[in-house]
Structure formats: structure tokens, C-alpha cells
Amino acid sequence: MTREGMAAKFKPLLEKEIGELRALSETGAASRAPVTLDQQSVGRLSRMDAMQAQAMAQATERRRHLRIQQVEAALKRIAEGEYGYCLSCGEEIEERRLQTDAAAPLCIGCSRGES
């Protein structure tokens, strides 16, 4: 398949993924909000549980934000006609790798440090 064909094939998938990630980020905003100290309504252990849940939600959001950046970079490469080429060695990235991760910036060899 040509590079243009692969870009046309994967662009809708990337756009869908970024839309879903942004929607998840918006809906999870409340779980990342600061935990208030209100000893009357919440006991100490409950507050600790809430703080742990908040920390997990924040970590999830950091990973989600990183993935959004990766997908945005892939969409930028599509727009610039550079999609499907390894950012390290410049060789074509195999279609099977892009099917696994459409935002992959490196060929399998470079991602393993084999170059």
C-alpha cells in the first residue's frame, strides 16, 4: 500500500481515537479535583481512599495526555506527508506495526534500539 493510502486509511482511526481521549478527559475532570478536608462528612480513612482515587485519576490523565500528544503528532505527520516513515532512520514503518499502533513514530527496529 502506498504511503498516501496508509495515511488515508489511518487518519480516520487517529481522529476517532483523539476524540475519544478528549471526551474521556472531560468526563474524568471531577475525579481529579482536589479532595476537600471535611471531617464531618468524611472520615479519615474515607478521605485517604478519596485521595488515592484522585492520584490514580491524575496518573490516568497524564497517560491520556501523553497519548493525545502522540496521536496529534501522527496527524501532523499525515498533514505534512511524512506519515509512515520512521522518525529515527527514515525507513518506512511496516503496515502491520501501524495497524497495532497507528501513531507509532518509529519502525520496530528503532523502537527496540536495534539501529
Can you name the nearest heavy-atom pair linking R97 to A104, along with the distance?
NE-CB, 4.0 Å
Test side-chain contact (heavy atoms from CB on, under 4.5 Å) applied to F10 and Q99, step by step
CA-CA 8 Å; F10 291 110; Q99 287 172 344; 3.8 Å; yes
Supply the atom-to-atom distance L75 CG to E80 CD, rounded to the nearest 0.5 angstrom.
11.0 Å
Those residues that, when tested against E20, pass salt bridge (charged side-chain N to carboxylate O under 4.0 Å, His left out) (two or more places apart)
K16
Single-linkage hydrophobic cluster, 4.5 Å side-chain cutoff, I78 and L106 together
no
Could I get the full list of side chain to side chain donor-acceptor pair (under 3.5 Å) partners for E82, not counting sequence neighbours?
none
Is it true that a side-chain atom of S25 and a backbone atom of L21 form a donor plus acceptor pair closer than 3.5 Å?
no
What's the spacing between R64 CZ and Q58 CD if we round to 0.5 Å?
12.0 Å
Determine, step by step, whether R63 and T60 satisfy the side-chain contact (heavy atoms from CB on, under 4.5 Å) criterion, reporting the C-alpha distance in whole Å, the side-chain angles of both residues, the deciding distance to 0.1 Å, and the verdict.
CA-CA 5 Å; R63 287 189 304 274; T60 299; 3.2 Å; yes
Are L13 and I93 connected in the hydrophobic side-chain network, where two residues link if heavy atoms are under 4.5 Å apart?
yes
Min side-chain heavy-atom separation Q70-E17 under 4.5 Å:
no
Enter the distance from E61:CD to L24:CG here, rounded to the nearest 0.5 Å.
9.0 Å
Return the CD to CD distance between Q69 and E72, rounded to the nearest 0.5 Å.
7.0 Å
Compare all side-chain heavy atoms of E91 with those of C110 and state whether any distance is below 4.5 angstrom.
no
If you look at every heavy atom in C86 and C107, which pair is closest and at what distance?
SG-N, 3.4 Å
Taken to the nearest 0.5 Å, the spacing of R22 CZ from T27 OG1 works out to 14.5 Å
For the pair Y85 and E92, evaluate side-chain contact (heavy atoms from CB on, under 4.5 Å) and give the outcome as yes or no after the intermediate values.
CA-CA 4 Å; Y85 294 97; E92 290 184 11; 3.6 Å; yes
For E94, does the CD atom sit with more than 12 other heavy atoms under 6.0 Å from it, leaving out its own atoms?
no
